[in-house]
2 protein chains.
Amino acid sequence: MSDPRNQDSWRNLGEFIRSQRELARLSMRQLAEIANISNPYLSQVERGLYKPSADVLKSIAGALQISAETMYAQAGLLDKDAAGDSAHGVEQALRLDPRLSNDQKETLIRIYRGFLESR
Amino acid sequence: MSDPRNQDSWRNLGEFIRSQRELARLSMRQLAEIANISNPYLSQVERGLYKPSADVLKSIAGALQISAETMYAQAGLLDKDAAGDSAHGVEQALRLDPRLSNDQKETLIRIYRGFLESR
DNA sequence: CTGTTTCGCTAAGTATACCAAGCACTTGCA
DNA sequence: TGCAAGTGCTTGGTATACTTAGCGAAACAG
């Protein structure tokens, strides 16, 4: 996790949480109690000293009545992988279908790719 | 975050990662290198011994060419299940693929449905 | 057979996310 | 004045996420 750009993301995340908490007119102790975390830890998170784990983030988001996605986006954990890869709609859908075995997935993908080549 | 109900989510997450890794025909060391984590840690994650942090999850998702949302959904970190809808999207993805002829689409859908029935 | 490579895993250590107790400050009410 | 209750923050510790070194089995080469 060597991306130094993320350093800032975490600091901004703290500021974001603090601003949302103040908007909701909650003290640190109040928010901490609702989110089931300790108030010193919340303090440290808001000042960017620590990266909260994903479930803590989700918990805080819930306590602030914010969607988890928004929270993760603010934390820089959802950034859109625009990196021109997946024109693979079919393959991804296949891979993610829980009703197929891996063998069946491979069979379908092989046939699919065969069709693409024969154009 | 002592919610014991989540235990299963993490175990399933490990199985999900392992299955996706095998589908991509990557060894643990290969995936670990791409995702910038150590291979023993990946092993422990796949067996449900540890909860990977959000940025590790994101990194693994990137290495497996899966969207971060899908990963978080599998990890039970997103209350919204919108990301999981792609699981039901095989037929739709097939129909929308402009590179396939109608005959080819029908063939694939027929095989796909056959697999589903044979369970 | 021996040596090499690659596989997944274990063991043991380091780094850090997180908690309980308590400090310094302010506000307000006696 | 004086103390009670609230605020955010510091300290010191525990739990756990994560790493590096290395083991034993399987596969293949010489």
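Quick note on labels: first sequence line is chain A, next is B, and so on, each numbered from 1.
For dC7(C), neither phosphate oxygen OP1 nor OP2 lies less than 4.0 angstrom from any side-chain nitrogen or oxygen of Arg21(B).
The distance between atom CG of Leu57(B) and atom P of dA17(D), rounded to the nearest whole Å, is 12 Å. The CD atom of Glu46(B) sits 7 Å away from the P atom of dC9(C) (whole-angstrom rounding). Summarising the geometry, the separation between CG on Asn36(B) and P on dA17(D) is reported as 20 Å, rounded to the nearest angstrom. Rounded to whole Å, atom C1' of dG22(C) lies 11 Å from atom CG of Asn39(A). Atom CG of Asp55(A) is separated from atom C1' of dA17(D) by 12 Å (rounded to the nearest Å). Rounded to an integer number of Å, the gap from Leu13(A) CG to dA17(C) P is 12 Å. When rounded to the nearest whole Å, the span between CD1 of Ile37(A) and P of dA17(C) equals 13 Å. Look at CZ on Arg47(A): it is 10 Å from P on dT11(D), rounded to the nearest Å.
Salt-bridge check for Glu91(A) with Arg95(A): passed, with a basic side-chain N closer than 4.0 Å to an acidic carboxylate O. Remark: Glu117(B) does not engage Arg99(A) in a salt bridge, criterion side-chain N to carboxylate O under 4.0 Å. Look at Glu15(A) and Arg47(A) and you find no salt bridge, because none of the NZ, NE, NH1 or NH2 atoms lies under 4.0 Å from a carboxylate O.
Counting any heavy atom pair closer than 4.0 Å across all strands shown, Gln44(A) reaches a base atom. Using a 4.0 Å heavy-atom cutoff across all strands shown, Ser38(A) reaches at least one base atom of the nucleic acid.
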For Met28(B) and Arg18(B), what are the C-alpha separation, side-chain angles and deciding distance, and is it a side-chain contact (heavy atoms from CB on, under 4.5 Å)? CA-CA 9 Å; Met28(B) 286 190 149; Arg18(B) 174 159 292 188; 3.0 Å; yes
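On a pure distance criterion of 3.5 Å, no polar donor-acceptor pair joins the side chain of Arg29(A) and the base of dG6(D).
Distances were taken from every side-chain heavy atom of Ser43(A) (C-beta onward) to each of dC9(D), dA17(C), dT7(D); the shortest belongs to dC9(D). Nearest nucleotide to the Ser53(B) side chain, out of dC18(D), dC9(C), dG8(D): dC18(D).
Projected onto DNA chain D by closest heavy-atom contact, Tyr50(B) and Arg18(A) fall at different nucleotides, the more 5' of which corresponds to Arg18(A). Looking at which nucleotide of DNA chain D each of Ala54(B) and Pro40(B) is closest to, the 5′-most match is held by Ala54(B).
Without hydrogens or angle criteria, Lys58(A) side chain to Ser53(A) main chain gives no donor-acceptor distance under 3.5 Å.
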